[in-house]
Each structure stands twice: as C-alpha cells, then as structure tokens.
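Notes follow once the structure below has been shown.
Letters A, B, ... mirror the listed sequences (proteins, then strands); counts begin at 1. All values below were derived from every heavy atom in this structure, side-chain atoms included, with hydrogens, water molecules and symmetry-related copies excluded.
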Amino acid sequence: MTKELAKGYEPHDVEKRWYGEWESKGYFRAAATSDKKPYSIVIPPPNVTGALHMGHALNNTLQDILCRWKRMQGYNVLWMPGTDHAGIATQNVVERQLAAEGKDRHDLGREDFIERVWKWKAESGGQIIGQLKRLGASCDWERERFTMDEGLSKAVRTVFVKLYEDGLIYRDNRLINWCPRCHTALSDIEVEHEDHKGHLWHIRYPVAGEPGRFVTVATTRPETMLGDTAVAVHPEDERYTDLIGKSVVLPLIGREIPIIADEYVEREFGTGVVKITPAHDFNDFEVGLRHGLDKINVLDESGVINAAGHQYEGMDRFAARTRIVAELEEAGLLEKIDEHPMSVGGCYRCKTVVEPYLSLQWYVKVAPLAERALDAVKTGKTRILPKQWENTYYDWMENIRDWCISRQIWWGHRIPAWFCDHCGEVNVAMDAPTKCTKCGSDELRQETDVLDTWFSSALWPFSTMGWPEQTEELKTFYPTACLVTGFDILFFWVARMMMMGLHFMDEVPFTDVYIHALVRDAHGHKMSKSKGNVIDPLTVIDQYGTDAFRFTLAAFAAQGRDIKLAEERIAGYRNFCNKVWNAARFTLMNLEGFDPDTVSYETLEYSQGDKWILHRLNETARIVDETLTGYRYNESAMALYQFTWSEFCDWYLELSKQDIYNGSPERKQATRYVLWYTLENLLRLLHPFMPFITEEIWQALPGTKATPTIMQAPYPVACDSRSFPQDAADMERIMAVIGGIRNIRGEMEVPPSKQIAVILSCDSEDTRRLMKHNESAIISLARVSDLAIGHGIEKPEDASIQVAGDVQIYVPLKGLVDVAAEEERLLKEIGKIEKEIEMFSKKLESPAFVDRAPAEIVAKERQKLADVTAKKLVLEESLEKIKKLR
RNA sequence: GGGCGUUUAGCUCAGCGGGAGAGCACUGCCUUCACACGGCAGGGGUCACUGGUUCAAUCCCAGUAACGCCCA
C-alpha cells in the first residue's frame, strides 16, 4: 500500500499533477441544489488585463483556505470565479497597441474598435485565471463569468432601467472630474490626490471705472482666469466692503466681471479676494450657482484652451499657464508668487492630472440606497472585519455624493438610453426602441456613453448567479457567506455591492466582509513597478512552491496590519514543507505492512507519549477551528506550524523510534497506529493551507479511503474522548527531565555520540513511578547509557546537576568535563533563578498584592516562589561541593 | 484640517492585565539509520516616550514623538 517518497519535497510536478486531477474530476464544482448547507464566496473579479500580483495572491489564498476548509466540513461550497472588463484599463491596453501601429481608436470607429478589444480578450485576456490555478484556487471554473458576458449585460440593463424608473438615475450638467487623456468623466473616488509643491500667484485685477485701483487675487491656477465670471470677498471683510457690487476688468481679456460677497471666501487666504471660475473649480461652481453667474468653459476635452480663451486658443493648459503668467508679469499685474503646497488630483488609471470639467453626465442618486447599506452594517446583518473598518464605511456612507456613472469611452456597457432627435425625449429601455415613446418619431440615437466599470461589479454577487432570472443558484447561494477583499476597494466595490444587493435582492450580498492587509515590500513600501520593488508571486511559486507561499501569506495575515513580505520567511515555510514531507517519509517507512483498517482506536493501549501527541493534536484541531472561524489565519498557521514541527517531529517521531525499533509487538502496533493517525489528521488540518503536499502524502498513506481526495475528507474536529490533559501534563514533566539532561550535555559540550550515565532523584513516589514508567523515553531521547531512578538520592560529589520540577538530575562528570566548566554553568543557572526569586518575593512581600489579588493568583505565585527557591537551594549546594573539588 | 494605524530581539513580525515569544540571522556541539531546507544546546529585549488607572501594565486610559495610510 505504501509508496516511497523522494528525499526532498519537489513541489512543481506535484502541483501540476494534482491540480489537473482535481479540476478534471470536478471536485471544485458546486451543486445548484444540495442537502448540504451552502457556503459561497464570490471572487473579487480581477481585471481581464490583470496579471497576478501579491494582492491577488493574498486575497485568493485567503479565500481558498476558507473554501477548502468549509468543503471539508461538509458544506456545498461555491467559489464563484470571473473577471472584470475593466473599462478604462482595457481600453487603454488596446489603444496602446493601436498607437504602436500609428492609429487611434477613431481611425477604427466604435464598432471595429470594440471588436478589436474582444479579439484582444480572446487572445491575451484573462491570463490571470491560469495564474490563480497555479495558486491552487479551488474555484468552480465551469461557472466562470465575465462582467460583459450576455447574462451579466442583461443584469446591468435591467438594473439601469429599474433605477431610472425608480427615479434613482438622472442626467445633469455639472462639474465632474475629467481625465484629459482618457477623455472621460471619472467618479470622485477614481481621482487620486497627491501633495505637490505648487505656487500661489497674486494677480492684480483693475477695478472698473477707478483707474489705478486694483484688487489682488491669489490663485493656484492662473490659466483658469480666462473663465472667471466674478471675484469674491467675504461679506464681513471690512477691507473690501466698498467694492462689493462694483466690477473689475479681467486682465489680458478685458471682460468686465462683478465683485461679489460670499461666505465661502476665507479672509485669511491670500489677500482675501478670490477669483470665481464656476466652470473649472468645484467650490466656484457652488458660488456661481448661488449668485447666478455664467459658467465659461475655456478648455476642450483634451485640456487645451478653446475659443472662449481668445488669443490662447489651442494652447495646452500648462503651456497657457506659463504664457499667461509671463504676460501678466509684462503688464505689471503680477504682484508676487508664493510657494504653496497643494493637493493635485490624478486619474487612477493613467495618473494624468484631472480637470474639473463642466459636462452632461448620468448619475445615481445614492442617498436612499446608502441609507439601507448603512443600516445593514449597523444592525449587524453584515459584519465588517476587522471591526475598525466599520467606521470608515460609516463615514463614507454618511457623506456619500451622487455617483457619476457615465464614461466617455467605448469599452463597456453602453447606456441603454435613446435620445429622440425630434422631441428631445430620453427613452430608457432594456432593448433598442423602434420609436420615441413620447412623440413616436423614429429618429432615435443611442447614448454613446458607457457605464462605469464598477456599475457592473456592484451587481456581481447576484448577476453571476443568473439574476434577473430566478435561478436555483440564487436561491441556494445568495447571500454569500463572506467577501474577502483589500480595503482599497471598500468604497469602489463593497459599498456599492451593499447598495445594489439590498435594492435588488432585498438582502445583503454577504454576511461577512473580511478586509485583509496590503502586501508591501520588506521595508513597508508599496510595491510598484517604478520603484522596482515588486515581488512577482509566480517567481516565488517557482522558487519555493505554492504551498510554502500560501502558508507564508496565511502566517502573515494578522488582522489590522499591512504585510511586509520578507523573502526569508517564505524560505522558512519552504523548509516547513520539507519538514512535513520528511515526517511523512519517516512515518511511511515505518508503516510497512501496517493496515489501519484492521486496527481499532479503542482496543489499543497507549503510552504516555501516545496520549500526549493525541491530546496535542486534538488541541490543535480546536485552535484551528476557533481561529479560522474568526479569520485569524496567522494564528491557525502558527498553531499548525508549532504542532507539526515542535511537537510531532521534534518529540513524537523521536519518541516513536524506540517503540518501533525495540518495542513489544503491542507497543509497536500502537505506535504505528498513532503515527498513522496523527499524520493523517495533521494532513487534513493542513490541507486548506497547503493543498498540494497534503494531497500527495495523503494519497500515499495506507488504509482504505472514504473519499478519492483529501479535499473531500472531513476536517478534523476536537473531541473530548481524545483529550488527555493529565497524561499530557505528565508527559511534559518527562520532557522537562529530558530537557534538563540535554541542558547539561549542551552546556558541557558533551557530543551526542557520547552516552552518559544519569541519576534521577525524585521528591515523591508518584514522580519516581512516572519516571520509571517512562525510562526508555528518557534513555533514548537524552542518550543515556545508564539510568538510575530513585528518591532522596545523595548527589555524587563529581556530578553535574539540573533540576526539573521535583526531579533532581545528576550526571556524573568523571571523564566528561572539568569542574571549572560545571561551576560556571551552575553560576549562570543560579543567576537566572535569582532574578526570578527576586521578582516573586517582591510581589509576595507587598501586602497590597496578598490582600487584594485573587487568592488563586497569590497561591500560584507562592508555589512558583517555593519551586524556584528549592531549585536554587539544590543548585547552590551542588556549587559548594563542586568548589571543594577544585 | 479630520480620521485611522504602527512603534516588542540585529531583521521581519506574533502576543497580551499576573513569570517577554516565533521565523531568519548569531554562538557552541553534532554527517545520531525522516529531514543539514536538519538535530541538540545557547546568547540576545528598561515591549517608542511621559503621566494615569490597578494589588499588578508591554497589554487598559490620556498625552507626546516618529513613521505610514485614508479622507477633505
């Protein structure tokens, strides 16, 4: 039954082989209907242009851990995969290709361009799917969706029409954020603000009809003065009271504009006089509305000055700035230039400086939607974890502004609205109407704008399950169990899914939102191509294997903290994989001819060590269950790591050797059973974290398997019948004795090849029996040739001593070491103990502590002090004796 | 300007109201029949600073500083 395993773990072949097997056998498939309890997660759809980066790797590893875990727990698990059409990003990719051919999208025209994008997608889009598979992602690939596939497009149109009919979608001509390179509107959150060193230009505007009199305005954007339609002062600013109602003459242009008073003006800013440019500044736009000012747009869609800019027409906005400043200076109208730090908005796709731009766009009225989304979190229908993010969510939801959803690009869901050229009516419908619903004209033009990419993503939890059709999938899997994501898309995506889910499904889209960290480089910097500090997950996988990488991510995924990915840690977990592998090799080597099917757990007689490892295994299962339930991945990973390495390998495997090699047939059989049992359970516990190596080993284990894959084997649960706290505690006393002997060996530099004689003097009969009962373990793990156990034994004069609980350990030194070394060792040991004694004594001497601390705490401290004092006494006596030997 | 987070061993990070932990790195011994990607033993920390609460603070509270992030 058992197979030979290679000496070291070689991940690549194993990964490829098992992933292919799992996928082809349909183990990732979810049933639309099932008796099992459902558990569903929708993947945050990566951009179809995307390549796997650290963020994806973390995000998807965490989801896969949950899915594999829940699947093993017997749930009907759906992990819904797919990709996002990523409007602007994808259009940019194809436009860059065209540019390389010396063309732009207008050379192709809309239809051909879109066709070209589809072609690009078919050929090179979605490479990330293959990369997710290398990560081991157990998505139900047969259900893979795309935000622009037919079903999802229908969902998008349905939602748009319904929201329009509900009065929650409207058109308006106002200022939006405009990217002069992408030639499209952006929503507020698609603008990334960055601090820049800017300037504050002080410009003199001559007062009309009062030659020689000026007001000085301060501005960070002098070129927009071309569109000024007023200057404003604070109504209570005494410096300018007499000017209110008068006019100034706009320099360079000569247009006369009014001086108005508005409380928006900060008296302390600049000179207290500001220019008002309603078409190019968000605040000025509001002022303009209050005062009925004209809005003069001086830019075209590329950020070039238009005809309204008179002599500056055709100049780029930044060139115009330079020219205007120069000409103002020439005219003696430039008073001064101050340094001025300012925040500049950039397009989140291409980093171009965005322009507040006056245009007619479509909006979603979000206030009513936001209210429900807010309420759902406040009432706990959806939990956001870690909890601190709830406040961020509340803040944003409470201050939310209407969502600009139209984009002037071609790649995306075209807005289902048709304008009647005859009567101007806007017809919004699922499908192209043949005539105007108002006037019956057939002169209809479809809106050319497409929807914000995030509009379709907002529907993802239900559109992927077939909505608006009432499918079995929707019934079974909506709402989903958990959404795993980074905080960077909390607003872009999570908040909007909440709003749309509640509005259209009347239920939250997920009950938990788990927000994970951002992956940074080892120094805490954001990874970016320009900084050259990007670590490519695929390179890591090539180098260390998927399992090691996944385990690293899980171990780093502490809540509420960014991950600084240190490569040494990955190497450390690669070593861990190798350790698991070799533990399995050892176990299999010793299971030759062993058939677990013929052995029953109940009939075997277990040793102290057996019970200890069974107990620890049980505890580990309990901890993993608890921590994973709370999304405390790092704690699960640590518990598994410690158990595997420090307990199973370092102690149990070593303990088992003497029983396997020298034990009675019964002892040998029980040991083989416990080895098999522990390893088999451990593999299942580890599987969600390390899917490949666990499957590879599990398949090699002897015994009949109830399932064809470890993926479907039940996840271990802690049970009281396999909990042996007393035996485990006793075992730990044995381990302490072994530790004591090893300490002497180590400190005295006795090589492992040298066997030593040891005398154990126990303070009680109980302890003596325990030691005696486990003497073979002590002999074998401490490499003892001669072990004497008794109580009240006098310490031989030339022996080295160590104390473990109520056991004194004597190691006769003759021929091993010189007394000086022992003296030094004892002094060191006593030094350590003295510190402890001091601490406990101090505490117990304080009446306040003894009187007010809980009795059990005081008793505990007393016991500790007694133990430590006794130990010190023994060590001191032996130090005296050693000194005499000199 | 508003909000949030972080500060613990040389490095990367856990932890947390009652004797400071892990991995890597470091020192010593060891090619012990699973593993040198290993074993055993060991060194190393006024848990950022200042106050407060408490019998007891690395942990709770307040403030300070440095760094980072988000929003305006």
Q: With heavy atoms under 4.0 Å as the rule, sort A:K657 into base, sugar-phosphate or nothing.
A: base

Q: Choose from B:rA22, B:rC70, B:rG19 the nucleotide whose nearest atom is closest to any side-chain atom of A:V868.
A: B:rG19

Q) To the nearest angstrom, how far is A:W645 atom CH2 from B:rG38 atom P? A) 5 Å

Q) Does A:R742 make a cation-pi contact with A:W651 (under 6.0 Å, within 45 degrees of the axis)? A) yes

Q.
I want to confirm an ordering. Mapping A:N575 and A:P751 to their closest nucleotides on RNA chain B, which one lands closer to the 5' end?
A. A:P751

Q. Using atom P of each nucleotide, how far apart are B:rC47 and B:rC60 to the nearest Å?
A. 15 Å

Q: Can you figure out which of B:rC29, B:rA41, B:rG15 approaches the side chain of A:E635 most closely?
A: B:rG15

Q.
What's A:N634 touching, base or sugar-phosphate or nothing? Going by heavy atoms closer than 4.0 Å.
A. sugar-phosphate

(Q) Students often get this wrong, so: under 4.0 angstrom with heavy atoms, is A:F576 touching a base, only sugar-phosphate, or nothing? (A) nothing

Q: Have a look at A:R745 and say if it touches a base, only the backbone sugar-phosphate, or nothing, with a 4.0 Å heavy-atom cut-off.
A: nothing

Q) Does any donor-acceptor pair link the side chain of A:E654 with the base of B:rA34 at a separation under 3.5 Å? A) yes

Q: Choose from B:rG19, B:rA34, B:rC71 the nucleotide whose nearest atom is closest to any side-chain atom of A:F840.
A: B:rG19

Q.
If I take atom CG in residue A:N590 and atom C1' in nucleotide B:rA34, what distance separates them, rounded to the nearest angstrom?
A. 9 Å

Q: Mind checking A:C649 for me? I need base, sugar-phosphate or nothing, with any heavy atom below 4.0 Å counting as a touch.
A: base

**Q.** Nearest-Å distance once atom P is located in both B:rA65 and B:rC49
**A.** 16 Å

Q) B:rC40 and B:rG23: how far apart are their P atoms, nearest whole angstrom? A) 11 Å

Q. Quick one: is B:rA34 close enough that its OP1 or OP2 comes under 4.0 Å of any side-chain N or O from A:Y661?
A. yes

**Q.** Selected nucleotide, minimal atom distance to A:R569 side chain, candidates B:rU32, B:rG19, B:rC13
**A.** B:rC13

(Q) If we check ring-ring contact (aromatic ring centres under 6.0 Å, His included) with A:Y633, which of these qualifies: A:Y514, A:F556, A:F689? (A) A:Y514

Q. Salt-bridged, A:E836 to A:K832, with N to O below 4.0 Å?
A. no

Q: Choose from B:rG19, B:rG15, B:rA34 the nucleotide whose nearest atom is closest to any side-chain atom of A:K864.
A: B:rG19

Q: Establish, yes or no, whether the cationic atom of A:K864 lies under 6.0 Å from the six-membered ring centre of A:F840 and within 45° of the ring axis.
A: no

Q: Would you kindly give the CZ-to-P distance between A:F487 and B:rC71, to the nearest whole Å?
A: 9 Å

Q. Does A:E747 come within less than 4.0 Å of A:K828, counting only side-chain N to carboxylate O?
A. yes

Q. Looking across every strand, which nucleic acid part, if any, lies under 4.0 Å from A:L653 by heavy atom: base, sugar-phosphate, or nothing?
A. base

(Q) Students often get this wrong, so: under 4.0 angstrom with heavy atoms, is A:N399 touching a base, only sugar-phosphate, or nothing? (A) nothing

**Q.** Options B:rG18, B:rA41, B:rC35, nucleotide nearest the side-chain atoms of A:P854
**A.** B:rG18

(Q) As a test of reading the structure: which of B:rG19, B:rC55, B:rC37 is closest to the side chain of A:K843, going by heavy atoms? (A) B:rG19

**Q.** Distance, C1' atom - from B:rA48 to B:rU8, rounded to whole angstrom
**A.** 10 Å

Q) RNA chain B: A:A571 or A:V191, which has the more 5' nearest nucleotide? A) A:A571

Q.
Can you see whether A:S841 engages A:E845 through a side-chain donor-acceptor pair at a distance of less than 3.5 angstrom?
A. no

Q) For residues A:D610 and A:Y652, is any side-chain donor paired with an opposing acceptor at under 3.5 Å? A) yes

Q.
Nearest whole Å is fine: how far is B:rC70 C1' from A:I489 CD1?
A. 15 Å

(Q) I'd like to know if A:R574 reaches the base of B:rC37 with its side chain such that a donor and an acceptor end up less than 3.5 angstrom apart. (A) yes

**Q.** Length of the CD-P vector between A:E856 and B:rA56, whole Å
**A.** 19 Å

Q: Report which part of the nucleic acid A:Y573 touches: base, sugar-phosphate, or nothing (heavy-atom distance under 4.0 Å, all strands).
A: nothing

Q: Remember a base hit wins even if backbone is also touched, and classify A:E836 as base, sugar-phosphate or nothing at under 4.0 Å, heavy atoms.
A: base

Q: For the pair A:E838 and A:K843, find out whether any cationic side-chain nitrogen is under 4.0 Å from an anionic carboxylate oxygen.
A: no

Q | Spacing of the P atoms in B:rA57 and B:rC70 (rounded, Å) | A | 38 Å

(Q) As a test of reading the structure: which of B:rG23, B:rG43, B:rC71 is closest to the side chain of A:F491, going by heavy atoms? (A) B:rC71

Q. Is RNA chain B part of any stem, that is, at least 3 consecutive Watson-Crick or G-U pairs with both distances under 3.5 Å, and where?
A. B:1-7 with B:65-71, B:10-13 with B:21-24, B:26-30 with B:38-42, B:48-52 with B:60-64

(Q) I'd like the P distance from B:rG19 over to B:rU32, given in whole Å. (A) 41 Å

Q: Just compare B:rA41, B:rG5, B:rC55 and give me whichever is closest to any side-chain atom of A:Q388.
A: B:rG5

Q. Is it true that A:D659 and A:R672 make a salt bridge, defined as a side-chain N closer than 4.0 Å to a carboxylate O?
A. no

Q: Kindly point out which of B:rG39, B:rU32, B:rC55 is positioned nearest to the side chain of A:K579?
A: B:rG39

Q: Return the value, rounded to whole Å, for the distance between atom CD1 of A:I697 and atom C1' of B:rC35.
A: 12 Å

**Q.** Evaluation steps, side chain to side chain contact (heavy atoms under 4.5 Å, CB included), between A:F586 and A:K657
**A.** CA-CA 10 Å; A:F586 171 82; A:K657 286 175 183 173; 3.6 Å; yes

Q. Could you give the CD-to-C1' distance, from A:E749 to B:rG43, as a whole number of Å?
A. 14 Å

Q. What is the distance from NZ of A:K754 to C1' of B:rG28, rounded to the nearest Å?
A. 17 Å

